[in-house]
Amino acid sequence: MLSYQHIYHAGNLADVHKHAILAETLAYLTQKDKPLSYIETHSGRGLYQLDSDQAVQTGEAAAGIERALTEGWFDADHPLSRAIVAVHDRYGKTAYPGSPLIAANLLRPQDKMHLAELHRQEYRALSDVMITTGARTYRQDGFELAQSLLPPTPRRGVLLIDPSYEVKSDYDRLPGIIASLNRKWNVGVIALWYPILANGRHQAMRDALAKRDFPKVLHHEVHFPAAREGHGMVGSGMFVVNAPYGLNECAETLDGRFGKLRG
């Protein structure tokens with residue numbers, strides 16, 4: 001249950017998809033002067049070195065963010081580009097930010113961050129990386145943290161749910177969890193990432209989400225070749241409740257970028 005470490009997959013094509021949508025969401029919300037809350041249920045370690053043995057072993061970053069940067073998928077003023085540049089300036093050119101550091105580089109001093117991570121080693125690394133950002137870190141089940149915090153103060157904000165799906169029951173539980181969180185926090189942006197799997201394991205969850213009456217939904221999927229023979233993930237999905245204005249345009253741009261990968 002607690003064996004997953006994202007360093008093997010950091011910067012992969014799913015990260016590019018997820019982080020581009022997250023960055024655009026935060027960039028939109030921070031246009032207003034009002035403060036906001038940012039909450040994550042599964043934060044990981046926050047910072048990854050893409051020249052590490054683990055990252056090089058899978059080659060997923062080379063096919064993901066490294067290709068995207070080389071091919072100029074994002075303009076210099078894109079919020080994801082700005083976050084990555086800030087991390088490169090501080091940690092070196094092989095560093096890649098997880099979603100907590102992307103958020104930290106796009107949020108403002110008046111905004112609040114709450115980051116949950118249950119894996120002992122990942123939590124320790126997360127706490128070390130985020131210590132200067134003002135974020136609160138919790139070695140706690142992320143779903144329990146979200147239930148306890150919502151509605152947060154400040155009331156505006158974003159909740160990112162990004163589990164590893166090692167706990168297979170998450171697929172069955174998540175539509176109900178999101179419905180419960182949306183009832184508690186009807187103004188909050190709730191963003192769920194999920195893998196698109198060759199065996200179709202994600203489909204029942206996706207269909208269950210689509211049947212529920214959530215407000216202002218962006219439901220976006222991209223597909224890409226498997227990272228290697230036998231690898232089960234062949235795409236990435238984002239389900240965003242109370243999606244900000246303009247996020248559809250971001251999704252359409254990503255369609256064009258990922259479409260080229262499929263020939």
Side-chain angles (χ1 to χ4, degrees), residues 6 9-31 36-44 46 60-61 64-65 67-69 71-84 86-87 96-107 111 113 115 156-165 174 178 181-182 188-196 202 205-206 209-210 214-224 233-261:
H6 191 60
H9 313 288
N12 65 6
L13 287 165
D15 268 1
V16 174
H17 177 226
K18 170 179 59 187
H19 290 160
I21 289 178
L22 174 64
E24 290 274 15
T25 298
L26 292 173
Y28 178 82
L29 291 179
T30 53
Q31 289 177 20
L36 59 87
S37 296
Y38 178 78
I39 305 165
E40 283 199 35
T41 59
H42 300 77
S43 298
E60 293 183 34
I65 190 60
R67 175 173 180 170
L69 294 177
E71 296 182 358
W73 283 24
F74 305 106
D75 295 336
D77 61 349
H78 190 283
L80 180 56
S81 296
R82 291 191 276 113
I84 291 174
V87 168
Y96 183 72
S99 44
L101 264 189
I102 290 172
N105 280 286
L106 296 175
L107 295 175
D111 302 323
M113 296 184 68
L115 307 172
R156 297 174 70 238
V158 180
L159 167 64
L160 176 63
I161 302 173
D162 179 21
S164 67
Y165 295 94
L174 274 163
I178 293 173
L181 296 173
N182 176 239
V189 178
I190 301 175
L192 169 71
W193 174 83
Y194 62 90
I196 296 175
H202 65 287
M205 183 187 75
R206 181 180 62 186
L209 288 166
F214 291 114
K216 299 178 184 177
V217 168
L218 172 76
H219 196 174
H220 187 247
E221 295 184 345
V222 294
H223 295 79
F224 43 76
M233 187 170 69
V234 293
S236 171
M238 287 291 285
F239 187 87
V240 185
V241 177
N242 286 321
Y245 175 81
L247 207 56
N248 281 319
E249 183 177 342
C250 167
E252 290 172 3
T253 299
L254 290 170
D255 286 336
R257 302 289 189 263
F258 280 88
K260 294 178 181 179
L261 300 178

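We number each residue from 1, following the sequence as shown.
Within the model, atoms CG of Leu101 and CD1 of Ile84 stand 11.5 Å from one another, a figure rounded to the nearest 0.5 Å. Considering CG of Leu192 and CE of Met205, their distance stands at 5.0 Å, rounded to 0.5 Å. Rounded to the nearest 0.5 Å, atoms CG (Leu160) and CG (Leu26) are 9.0 Å apart. Atom CG of Leu69 is separated from atom CZ of Arg67 by 12.5 Å, given to the nearest 0.5 angstrom. The structure places CG of Leu13 at 6.0 Å from CG of Leu261, a figure rounded to the nearest 0.5 Å. Tyr194 OH to Ile161 CD1: the interatomic distance, rounded to the nearest 0.5 Å, is 13.5 Å.
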- [ ] Please step through side-chain contact (heavy atoms from CB on, under 4.5 Å) for the pair Leu218 and Val241, ending with a clear verdict.
- [x] CA-CA 7 Å; Leu218 172 76; Val241 177; over 6 Å; no
TODO: Begin from the C-alpha positions of Leu36 and Leu107 and carry the test side-chain contact (heavy atoms from CB on, under 4.5 Å) through to its verdict.
DONE: CA-CA 9 Å; Leu36 59 87; Leu107 295 175; 3.5 Å; yes
Open item on the list: Pair Leu209, Phe214 - check side-chain contact (heavy atoms from CB on, under 4.5 Å), show working.
Closed with: CA-CA 8 Å; Leu209 288 166; Phe214 291 114; 4.2 Å; yes
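Proximity of Tyr38 to Leu115: side-chain heavy atoms (C-beta onward) are separated by under 4.5 Å at one or more points. Proximity of Glu24 to Leu247: side-chain heavy atoms (C-beta onward) are separated by under 4.5 Å at one or more points. At least one side-chain heavy atom of Val158 sits under 4.5 Å from a side-chain heavy atom of Thr25. Side-chain contact between Cys250 and Leu254 is present, with at least one heavy-atom pair separated by less than 4.5 Å. Asn182 is listed as a side-chain neighbour of Pro215, based on a closest heavy-atom distance under 4.5 Å. Put simply, the side chain of Val217 does not reach to within 4.5 Å of the side chain of Val240, judged on heavy atoms.
Residues Glu40 and Pro100 share a closest heavy-atom pair of OE2-N, 3.1 Å. Residues Phe74 and Ser81 share a closest heavy-atom pair of CB-OG, 3.3 Å. Residues Pro195 and His202 come closest through the heavy atom pair O-CB, 3.3 Å. Closest of all the heavy-atom pairs between Ile196 and His223 is CD1-NE2, 3.8 Å. The two residues Ser236 and Trp193 have their closest heavy-atom pair at OG-NE1, 2.8 Å. Of all non-hydrogen atoms in Ala68 and Val16, the two that sit nearest each other are CB-CG1, 4.5 Å.
Put simply, the side chain of Arg156 never gets that close to the backbone of Val189: no donor and acceptor are under 3.5 Å apart. No donor-acceptor pair under 3.5 Å is formed between the side chain of Asp75 and the backbone N or O of His78. For the pair Asn12 (side chain) and His9 (backbone), a donor-acceptor distance under 3.5 Å is present.
Atom CD of Glu249 is surrounded by 12 or fewer heavy atoms from other residues, nucleotides or ligands within 6.0 Å.
Arg206 has a carboxylate O that lies under 4.0 Å from a charged side-chain N of Glu221, or vice versa, which qualifies the two as a salt bridge. In this structure, Asp162 pairs ionically with Lys18, as a charged nitrogen and a carboxylate oxygen lie closer than 4.0 Å.
Here the two rings, on His19 and Tyr96, have centers that are under 6.0 Å apart.
Between Trp73 and Phe258, the two ring planes are perpendicular [angle over 60°; tilted spans 30° to 60°].
Side-chain contact annotation: Asn248 with His220, donor-acceptor N/O pair under 3.5 Å absent.
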